[in-house]
Amino acid sequence: MVRLVLVGPPGAGKGTQAAVLSEKLGVPHISTGDLFRANIGNATPLGQKAKSYLDAGELVPDEVTNEMVRERLAEPDAREGFLLDGYPRTTPQADVLTDILAENGMELTAVLQFEVPEEELVRRMLARGRSDDTEDVIRRRLAVYREETEPLLEYYRNKILKIDAVGSIDDISARALEALRARA
Ligand code: AMP
């Protein structure tokens, strides 16, 4: 049973790797960005709350995000492990996650930190062309990452496995699996 968090700047390939690793490890891929986008697409009340933040590259407020994650982790498939992609993104979110897991007698297996040089990040994001991938929004998302999310690296220092995230999809997932094996 494996419970993982993926951390890395926007454009580091977390979503791609999360999909590959969730398949190989047999645990659900839980992406808060995907959950928000699905809610926006379906015009749900949650989507209405989240839309302006995604459009601006800002973080959705913690109460909204934490509640969504709490509900998702309560679903049966997540009891057998999970891979969280894009959550937590702030230290208060990490505290909530620690509490949710502790309530169920669980803790994280590891935090995979995806490392990519900044020029490569901007290049990758401009190439994928999502609606929040315009240059201004990309810069804002990178700044938000530095300010809000990087402190998590200290919070999780005992659980971090650093992954060099430059290379082919297969190379990167192999590095991640090897890092997990070496830790186990
Ligand atoms: P992502 O797909 O992970 O790049 O997330 C896209 C957008 O969804 C972010 O720029 C935020 O607006 C929002 N979002 C995703 N995850 C979170 C989170 N953990 N906390 C707050 N906002 C989030």
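This one's a predicted model, so the numbers in the text were calculated from it and none came from an experiment. Note that ligands are numbered from 1 as they come in the structure, with each ligand's atoms numbered from 1 the same way.
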Contact list for residues 26-44, test salt bridge (charged side-chain N to carboxylate O under 4.0 Å, His left out), sequence neighbours left out: Asp34-Arg37
Atoms in ligand 1 flagged as close to Thr65, the criterion being non-hydrogen separation under 4.0 Å: 18 (C), 19 (N), 20 (N), 21 (C)
Identity and distance of the protein heavy atom lying nearest atom 23 (C) of ligand 1: Phe36 CE1, 3.7 Å
Least distance between heavy atoms, Thr32 atom then Tyr87 atom: CG2-CB, 3.5 Å
Protein heavy atom at shortest distance from atom 1 (P) of ligand 1: Arg89 NH2, 3.5 Å
For atom 16 (N) of ligand 1, closest protein heavy-atom neighbour: Thr32 OG1, 2.7 Å
Over all atoms of both residues, closest heavy-atom pair of Pro28 and Gly81: CD-O, 3.2 Å
Any Arg130 heavy atom less than 4.0 Å from ligand 1: yes
Atom 22 (N) of ligand 1: the protein heavy-atom neighbour that sits closest, reported with distance to 0.1 Å: Val60 N, 3.1 Å
Region of Arg140 engaging ligand 1 - heavy atom pairs below 4.0 Å: neither
Closest approach of any protein heavy atom to atom 20 (N) of ligand 1, naming residue and atom: Gln93 NE2, 2.9 Å
Sub-4.0 Å atoms of ligand 1 with respect to non-hydrogen atoms of Arg37: 2 (O), 6 (C)
Residue and atom name of the nearest protein heavy atom (relative to atom 12 (O) of ligand 1), distance in Å to one decimal: Glu58 O, 2.6 Å
Salt bridge present between Asp136 and Arg141 (N-O < 4.0 angstrom): no
Identity and separation of the nearest protein heavy atom to atom 19 (N) of ligand 1: Gly86 O, 2.8 Å
Residue Leu54 vicinity, atoms of ligand 1 by number, heavy atom under 4.0 Å: 7 (C), 8 (O), 12 (O), 13 (C)
Arg128 side chain near Met125 side chain, heavy-atom distance below 4.5 Å: yes
Note: Arg123-Glu119 ion pair, threshold 4.0 Å (strictly below): no
Pairs involving residues 107-118, ordered by first then second residue, that meet salt bridge (charged side-chain N to carboxylate O under 4.0 Å, His left out) (sequence neighbours left out): Glu107-Lys159, Glu118-Arg146
Distance-only donor-acceptor check, side chains Thr90 and Tyr155, under 3.5 Å: no
